[in-house]
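Have a look at the structure that comes next, please.
Here the structure is a predicted model, which is why all the values come from computation and not from measurement. Heavy atoms only: backbone and side chains are in, while hydrogens, waters and symmetry mates are out.
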Amino acid sequence: MLLAHSPYAWQADVDTTVVIPALSLLYLYAVGHYGASRRHIVCYATAMLLLAVAFWTPLHHLGLHYLLTAHLLQNVILAEWAPLFVVLGVSHGMAEALSRRHVWRTVTHPAFALPLWLVNYFVWHVPPIYEAALRHQSWLIHVEHACYFATGIVMWWPLLQDVPRRLASGGRVAYAFAAFMLASPLGLLFALLPRPIYDFYVDARPRVWGLSPLADQQIAGVTMASEQAVVLFVVFLYWFRRFLAEEGAT
């Protein structure tokens with residue numbers, strides 16, 4: 001990938017020119033075969049819009065060349081926000097069709113889905129792996145992004161879908177709380193480390209917004225931890241209220 005002259009360049013690459021249209025066409029095919037409500041379609045369209053923001057706006061170029069903050073925000077969109085809306089966009093008929101496949105029943109089991117998402121999140125942030133992806137943007141960075149997106153869908157599935165298994169509200173409370181507690185240390189670690197851990201961003205020129213590499217890393221960590229706290233805690237509270245209402249009705 002050629003480095004554009006401006007840090008704020010708008011650029012399209014394989015993620016937007018191929019993947020997003022392909023995912024959109026696949027969903028239209030599924031709607032034609034299994035049906036979907038307006039709510040489902042709006043949720044899925046929101047997911048595609050989030051992917052377009054992550055890959056087509058200056059956020060993409062800033063993250064791949066200048067700012068850790070921008071790249072971590074892009075990762076959050078890929079691993080959490082967009083997958084959340086994808087799963088919300090899957091109709092019951094689509095979910096049933098997917099759940100007839102043994103591999104899907106396996107990867108969406110809560111005992112498998114959450115650890116898979118967590119391991120993927122932490123492994124890609126190990127400095128040698130993270131920097132390797134940034135220095136091999138012709139292919140490895142796309143593998144990283146695909147892993148975030150796929151494991152994000154798997155992670156949200158037990159919380160938002162009732163097939164192939166329906167978790168009780170209490171089980172969903174525990175699942176959301178575990179995701180909240182286990183994912184947050186990564187962002188906090190970035191915020192608290194006394195020195196930058198990614199040489200790629202230390203060497204980045206120019207210094208966008210006048211941020212030092214350490215300040216960039218601290219802002220990235222706080223942003224990541226705050227986002228995860230808000231999103232996962234809101235989901236936790238939703239299912240906790242459902243759990244209390246169900247317990248009160250019995």
Side-chain angles (χ1 to χ4, degrees), residues 15-57 73-110 112-114 116-117 120 145-176 179-180 183 227-228 230-243 245-246:
D15 301 286
T16 48
T17 57
V18 176
V19 175
I20 294 175
L23 289 173
S24 300
L25 289 173
L26 181 63
Y27 185 73
L28 290 176
Y29 173 83
V31 170
H33 278 71
Y34 304 108
S37 67
R38 180 177 297 177
R39 177 183 67 82
H40 289 121
I41 294 171
V42 168
C43 286
Y44 194 87
T46 300
M48 297 301 101
L49 178 61
L50 285 169
L51 291 181
V53 168
F55 289 121
W56 207 351
T57 69
L73 180 57
Q74 185 184 45
N75 291 345
V76 162
I77 294 173
L78 292 175
E80 297 172 40
W81 300 356
L84 168 65
F85 283 99
V86 165
V87 177
L88 287 173
V90 174
S91 68
H92 185 71
M94 297 176 195
E96 285 189 326
L98 281 170
S99 298
R100 287 194 285 268
R101 299 181 180 275
H102 175 72
V103 65
W104 193 250
R105 294 195 300 272
T106 300
V107 298
T108 56
H109 191 287
F112 187 91
L114 182 57
L116 179 66
W117 178 72
N120 179 76
H145 291 161
C147 288
Y148 281 136
F149 188 59
T151 58
I153 291 173
V154 166
M155 186 277 288
W156 284 116
W157 193 273
L159 278 171
L160 304 173
Q161 291 289 343
D162 293 334
V163 291
R165 60 191 61 82
R166 186 181 189 279
L167 278 183
S169 294
R172 299 192 201 211
V173 169
Y175 185 97
F180 168 70
E227 174 280 330
Q228 289 177 332
V230 170
V231 173
L232 291 170
F233 194 64
V234 166
V235 174
F236 163 78
L237 285 179
Y238 172 82
W239 286 111
F240 188 63
R241 291 185 63 185
R242 286 280 298 268
F243 171 72
E246 290 170 6

Test: salt bridge (charged side-chain N to carboxylate O under 4.0 Å, His left out). Region: residues 79-108. Which pairs qualify, not counting sequence neighbours?
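Output for this query is empty, none listed.
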Is there a donor-acceptor contact under 3.5 Å from the side chain of H40 to the main chain of S37?
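Yes, because the side chain of H40 sits within donor-acceptor range (under 3.5 Å) of the backbone of S37.
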Could you tell me which residues satisfy side chain to side chain donor-acceptor pair (under 3.5 Å) with Q161, sequence neighbours excluded, listed by chain and number?
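By the side chain to side chain donor-acceptor pair (under 3.5 Å) rule, Q161 matches no residue at all.
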Nearest-0.5 Å distance, CD1 of residue I41 to CZ of residue R38:
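It is 8.5 Å, given to the nearest 0.5 Å.
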Using 0.5 Å steps for rounding, measure from the OG atom of S169 to the CD atom of E246.
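If I round to the nearest 0.5 Å, the distance is 3.0 Å.
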Checking T46 now: which residues fulfil side-chain contact (heavy atoms from CB on, under 4.5 Å) with it, not counting sequence neighbours?
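Once residues adjacent in sequence are excluded, the partners of T46 under the side-chain contact (heavy atoms from CB on, under 4.5 Å) criterion are V42, L50, F85.
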Under the 3.5 angstrom rule, does the side chain of R172 hit a backbone N or O of W239 as a donor-acceptor pair?
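Pair absent, no side-chain N/O of R172 close to backbone of W239.
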Under the ring pair (Phe, Tyr, Trp, His ring centres under 6.0 Å) test, residues paired with Y27 that sit two or more places apart
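Here the qualifying residues are Y44.
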Not counting sequence neighbours, which residues clear salt bridge (charged side-chain N to carboxylate O under 4.0 Å, His left out) with R166? List them please.
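R166 satisfies salt bridge (charged side-chain N to carboxylate O under 4.0 Å, His left out) with D162 once adjacent residues are dropped.
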By side-chain contact (heavy atoms from CB on, under 4.5 Å) - contacts of A150 (at least two apart)
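Partners of A150 under the side-chain contact (heavy atoms from CB on, under 4.5 Å) test: none.
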Contact summary for T106 and F112, nearest pair of heavy atoms:
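That would be O-CB, 3.7 Å.
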Which pair of heavy atoms, one from G89 and one from M94, lies closest together, and at what distance?
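Scanning both residues, the minimum pair turns out to be O-SD, 4.4 Å.
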Got a sec, which residues hit side-chain contact (heavy atoms from CB on, under 4.5 Å) with L114, two or more places apart in sequence or on another chain?
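In terms of side-chain contact (heavy atoms from CB on, under 4.5 Å), with neighbours along the sequence ignored, L114 is linked to W117, L118, M155, Y175, A178, A179.
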Between SG on residue C147 and CG on residue L116, distance to nearest 0.5 Å
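These two atoms lie 9.0 Å from each other.
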Who pairs with F233 by ring pair (Phe, Tyr, Trp, His ring centres under 6.0 Å), at least two apart in sequence or on another chain?
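Scan of F233 (ring pair (Phe, Tyr, Trp, His ring centres under 6.0 Å), adjacent residues dropped) gives F180, F236.
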Examine distances only and state if a side-chain atom of T108 and a backbone atom of V154 form a donor-acceptor pair shorter than 3.5 Å.
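Not confirmed, T108 side chain does not pair with V154 backbone.
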For residues 89-108, pull every pair meeting ring pair (Phe, Tyr, Trp, His ring centres under 6.0 Å), keeping only residues two or more places apart or in separate chains.
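For residues 89-108, and leaving out neighbouring residues, the ring pair (Phe, Tyr, Trp, His ring centres under 6.0 Å) pairs sorted by first residue read W104-W157.
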Side chain to side chain donor-acceptor pair (under 3.5 Å) with W56: which residues, sequence neighbours excluded?
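Expected list: none.
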Taking the six-membered ring for Trp, are the ring centroids of F149 and H145 within less than 6.0 Å of each other?
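No, too far apart.
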Please round to the nearest 0.5 Å and tell me the distance separating atom CD1 of I20 and atom CG of L25.
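Between atom CD1 of I20 and atom CG of L25 there are 12.0 Å.
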Might you point out which heavy atoms bring G35 and S91 nearest each other, and give the distance in Å?
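Nearest pair, atom of G35 first, then S91: O-OG, 2.7 Å.
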Contacts of L160 that satisfy side-chain contact (heavy atoms from CB on, under 4.5 Å) - sequence neighbours left out
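Per chain and number, L160 pairs via side-chain contact (heavy atoms from CB on, under 4.5 Å) with L84, V87, L88, W156.
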Partners of R241 by side chain to side chain donor-acceptor pair (under 3.5 Å), sequence neighbours excluded?
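Once residues adjacent in sequence are excluded, R241 has no partner under the side chain to side chain donor-acceptor pair (under 3.5 Å) criterion.
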Might you work through the side-chain contact (heavy atoms from CB on, under 4.5 Å) test for L78 and L51, ending with a clear yes or no?
CA-CA 7 Å; L78 292 175; L51 291 181; 3.6 Å; yes
